[in-house]
There are 2 protein chains.
Amino acid sequence: MTEVAARLDANQVLAALGDATRRALIDLLAQSPSSISDLASALNVTKTAIGQHVAILEACHLVVSQKTGRVRICRLDHRGLDALQVWIEARRHPWVEKLDRLDDLLEEEDGVSSPNDGTTAGV
Amino acid sequence: MTEVAARLDANQVLAALGDATRRALIDLLAQSPSSISDLASALNVTKTAIGQHVAILEACHLVVSQKTGRVRICRLDHRGLDALQVWIEARRHPWVEKLDRLDDLLEEEDGVSSPNDGTTAGV
DNA sequence: GCAATAGTGAAGCACATACTTCACCAATGG
DNA sequence: CCATTGGTGAAGTATGTGCTTCACTATTGC
């Protein structure tokens, strides 16, 4: 069930990871959760830029953040990476992709009706 | 050794996959090998554009191509996806990254304790 | 040979977007 | 209270790059 959704935003995940700064951000957050200021000083960019990047990374479920007081702590969100993994597997074994469409037809209980790219940012 | 190399060009792989057209190209090639003209007509872009994209995809080992006669057949190269998979794993389990050097000395199997949160690593 | 097809190279354009500055608000701490 | 710190919003800039057109070469087929 989540496979379909995961494959859909895998596009957004890849678009997000296309940027080197965001990849560096992911690298930092993979080591430890950090605040916006921490990330900004680590990457030598402004806090505004970090905020924009974090917003993008959150939209595709690569990062989660919560603001306590005036500090926003960002941490890695595994769901984005999961979606990416699914995306890779589907391309590494194309026959799975073909069987997957059959799987969608057989499993219409989840209400997956539009095969088009909805790009629903489930937020 | 190969892991380091794979992790290095994973950056290029992600940069390449950041583009929607190149992702569509990968999707097509995951289904079947195709010529430049085939891909061009499938994506409604010029053959020149496809040629440029294929060059980028080849540079990061996502695509291999060989020219027989006047036709260049492009097919998926698994090495790019492999590198991406390694990249993901390294971020999904950051402690593995930290213990990477120790990994050479100690052949630890599991039971690793993360300093951050205790998310169960079900792998 | 001639025409059509497949692909490549150079050059330019147009749009996207990453980053900045400026201004502002909210929380912390002396 | 005032200063500092952490973060956000708006707006502008500028660099990158995806795609095109034009020109050209090299195969294929009649």
Side-chain angles (χ1 to χ4, degrees), chain A residues 9-29 31-77 80 117 119 121 123, chain B residues 9-29 32-60 62-77 80:
Chain A
D9 40 295
N11 275 338
Q12 316 230 17
V13 172
L14 284 168
L17 291 178
D19 178 63
T21 303
R22 284 193 286 269
R23 286 196 300 272
L25 232 34
I26 293 295
D27 286 344
L28 288 172
L29 294 179
Q31 302 302 320
S32 70
S34 311
S35 67
I36 300 288
S37 293
D38 286 343
L39 299 168
S41 63
L43 296 185
N44 269 333
V45 291
T46 61
K47 284 173 282 190
T48 306
I50 298 295
Q52 292 165 352
H53 284 307
V54 167
I56 293 174
L57 292 172
E58 279 195 284
C60 64
H61 306 294
L62 276 168
V63 163
V64 282
S65 73
Q66 67 173 7
K67 197 170 179 179
T68 50
R70 61 179 170 179
V71 179
R72 173 174 297 276
I73 294 298
C74 310
R75 62 181 64 237
L76 210 61
D77 186 354
D117 51 343
T119 59
V123 182
Chain B
D9 41 294
N11 274 338
Q12 315 230 18
V13 172
L14 284 169
L17 292 177
D19 179 63
T21 304
R22 283 193 287 267
R23 286 196 299 272
L25 232 34
I26 294 295
D27 286 344
L28 288 173
L29 294 179
S32 70
S34 311
S35 68
I36 299 288
S37 294
D38 286 343
L39 299 168
S41 63
L43 296 185
N44 269 331
V45 291
T46 62
K47 284 173 283 188
T48 306
I50 298 294
Q52 293 165 352
H53 283 308
V54 167
I56 293 174
L57 291 171
E58 280 194 284
C60 63
L62 275 168
V63 163
V64 283
S65 74
Q66 67 174 6
K67 196 168 180 179
T68 50
R70 60 179 170 178
V71 179
R72 173 173 297 276
I73 295 297
C74 310
R75 59 182 66 236
L76 209 61
D77 185 353

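First the proteins, then the strands, lettered A, B, ... as listed; each starts at 1.
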NZ of Lys67(A) versus P of dA26(C): gap in Å, rounded?
-> 10 Å
Take atom CD1 of Ile56(A) and atom C1' of dC19(C), then tell me their distance rounded to the nearest Å.
-> 12 Å
Phosphate-side-chain proximity, Thr21(A) and dC19(C), N/O vs OP1/OP2 below 4.0 Å | yes
Just do the side-chain contact (heavy atoms from CB on, under 4.5 Å) check on Leu29(B) and Ser34(B) with the steps written out, would you?
-> CA-CA 7 Å; Leu29(B) 294 179; Ser34(B) 311; 4.1 Å; yes
Student check: side-chain heavy atoms of Leu62(A) and Leu76(A) closer than 4.5 Å | no
Considering only heavy atoms, which members of residues 44-55 of chain A lie under 4.0 Å from some atom of DNA chain C?
-> Val45(A), Thr46(A), Thr48(A), Ala49(A), Gln52(A), His53(A)
Separation of atom CD in Gln66(B) from atom P in dG7(C), rounded to whole Å | 13 Å
Test item: Arg23(B) side-chain N/O and Leu17(B) main-chain N/O as donor-acceptor pair under 3.5 Å = yes
State whether the side chain of Glu58(A) and the backbone N or O of Ser65(A) hold a donor-acceptor pair below 3.5 Å, judged by distance alone.
-> yes
Residues which pass side chain to side chain donor-acceptor pair (under 3.5 Å) with Ser35(B), listed by chain and number, not counting sequence neighbours | Asp38(B)
Could you state the CD1-P distance from Ile73(A) to dA27(C), rounded to the nearest angstrom?
-> 16 Å
To the nearest 0.5 Å, what is the distance between CG (Leu28(B)) and CG (Leu43(B))?
-> 5.0 Å
Between the main-chain N or O of Pro33(A) and the side-chain N or O of Arg75(A), is there a donor-acceptor pair closer than 3.5 Å?
-> no
Does any donor-acceptor pair link the side chain of Arg70(A) with the base of dA27(C) at a separation under 3.5 Å?
-> yes
Contact boundaries of DNA chain D with chain A (under 4.0 Å, heavy atoms), 5' to 3'?
-> dT4(D) to dA11(D)
Considering only side-chain heavy atoms of Val71(B), which listed nucleotide, dT28(C), dA6(C), dA18(C), is closest?
-> dA6(C)
What closest approach, in Å, do His53(A) and Asp19(A) show between heavy atoms, and which atom pair accounts for it?
-> CE1-OD2, 3.3 Å
